[in-house]
Each structure stands twice: as C-alpha cells, then as structure tokens.
Amino acid sequence: ALLTIKSAFITTGQRCSCARRLILTKECPEQFIQELVRQIEGLKIGSYDEDPFMGPLIHLEAAKKMLAAQHKYGKIIHPMRQLEENLPFVT
C-alpha cells in the first residue's frame with residue numbers, strides 16, 4: 001500500500017508518471033484496500049512550512065477540475081475533497 005500511496009500522491013499527483021488509477025483484480029484482498037484507505041486518511045496536506053507529505057495543486061481551477069473528474073471513472077475508495085474553499089488543497 002505504501003508504494004501505491006507514494007506513486008499516486010507524491011507531488012500531489014501533478015507529474016505524468018503518477019498513478020492515476022488503481023486496477024485491482026477480484027482476488028485482491030480487502031485488507032489491501034482497507035490499509036490503503038487508512039494510509040490515505042493519514043496523509044498530512046499543507047503548505048511547505050508545515051512539513052506536509054503533499055502540498056496544494058497548482059491553482060484553484062486545477063483543484064475544481066480534479067474534484068469534478070473523480071466521479072467520472074471507476075469506483076471511488078476514498079473521495080477527494082477540498083480542504084479550504086478558496087485554496088487548491090485537496091485530499
């Protein structure tokens with residue numbers, strides 16, 4: 001689960017090599033998904049001076065696009081949300 005977290009969330013997912021989708025087989029243990037969600041919920045998101053795991057998206061418009069796009073593909077295991085109304089910090 002840790003490698004999945006790093007691949008998807010490092011640099012706030014803003015590089016071409018970040019994991020955008022996680023494709024799981026039916027044989028994937030439920031414990032993997034539970035651990036993944038647990039780790040996602042524990043990510044520290046904030047500005048550079050708060051020693052976060054990840055910071056904001058590049059701008060507010062990018063955050064709004066990502067929030068809208070999350071419902072278009074696959075099954076969401078942990079929904080993205082905006083942390084502050086007028087800032088591009090998303091979970």
Side-chain angles (χ1 to χ4, degrees):
L2 182 58
L3 290 176
T4 302
I5 295 291
K6 286 182 179 180
S7 178
F9 295 98
I10 202 123
T11 67
T12 318
Q14 298 179 99
R15 52 171 200 196
C16 59
S17 60
C18 283
R20 299 273 187 240
R21 294 182 187 104
L22 179 61
I23 299 171
L24 304 171
T25 65
K26 290 180 181 180
E27 294 79 27
C28 178
E30 184 64 29
Q31 303 92 289
F32 175 80
I33 297 170
Q34 290 171 356
E35 177 62 16
L36 190 62
V37 169
R38 186 189 71 73
Q39 288 187 26
I40 290 169
E41 290 173 344
L43 293 178
K44 184 176 179 182
I45 303 163
S47 63
Y48 72 94
D49 57 349
E50 298 173 317
D51 194 29
F53 177 81
M54 66 184 214
L57 288 169
I58 191 158
H59 49 68
L60 191 55
E61 188 61 33
K64 290 178 181 179
K65 285 181 181 180
M66 291 299 295
L67 290 163
Q70 73 178 325
H71 299 287
K72 292 182 181 180
Y73 308 101
K75 178 183 174 186
I76 298 171
I77 60 171
H78 193 274
M80 182 186 331
R81 62 183 175 79
Q82 191 171 2
L83 295 177
E84 294 185 45
E85 188 176 337
N86 293 314
L87 294 175
F89 290 92
V90 296
T91 60

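Separation of atoms CG (Leu36) and CD (Gln31) is listed at 13.0 Å; rounding is to 0.5 Å. Note that CG of Leu57 is 8.0 Å distant from CG of Leu67, once rounded to the nearest 0.5 Å.
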Enumerate, atom names and distances included, each donor-acceptor pair closer than 3.5 Å involving a side-chain atom of residues 74-89, sequence neighbours excluded.
{"from": "Gln82", "atom 1": "NE2", "to": "Glu84", "atom 2": "O", "distance (Å)": "3.1"}
{"from": "Gln82", "atom 1": "NE2", "to": "Glu85", "atom 2": "O", "distance (Å)": "2.8"}
{"from": "Gln82", "atom 1": "NE2", "to": "Leu87", "atom 2": "O", "distance (Å)": "2.9"}

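Both Ile10 and Val37 belong to a single network of hydrophobic side chains, linked directly or stepwise wherever heavy atoms of I, L, V, M, F, W or Y lie under 4.5 Å apart. Linking Ile, Leu, Val, Met, Phe, Trp and Tyr residues whenever their side-chain heavy atoms come within less than 4.5 Å places Leu22 and Ile40 in a single cluster.
Residues Gly55 and Thr12 approach most closely at O-OG1, 3.0 Å, considering heavy atoms. Of all the heavy atoms in Gly46 and Pro56, the pair that sits closest is O-CD, 4.3 Å.
The side chain to side chain contact (heavy atoms under 4.5 Å, CB included) test applied to Leu43 returns Ile5, Phe9, Phe53, not counting sequence neighbours. With sequence neighbours excluded, the residues satisfying side chain to side chain contact (heavy atoms under 4.5 Å, CB included) with Ile58 are Gln14, Ala62. For Leu2, the side chain to side chain contact (heavy atoms under 4.5 Å, CB included) partners at least two apart in sequence or on another chain are Lys6, Gln39. Here Gln70 pairs with nothing under the side-chain hydrogen bond (donor to acceptor under 3.5 Å, both in side chains) rule; sequence neighbours left out.
Judged as a salt bridge (Lys or Arg N to Asp or Glu O under 4.0 Å), not a single pair has a partner in residues 44-71 (not counting sequence neighbours).
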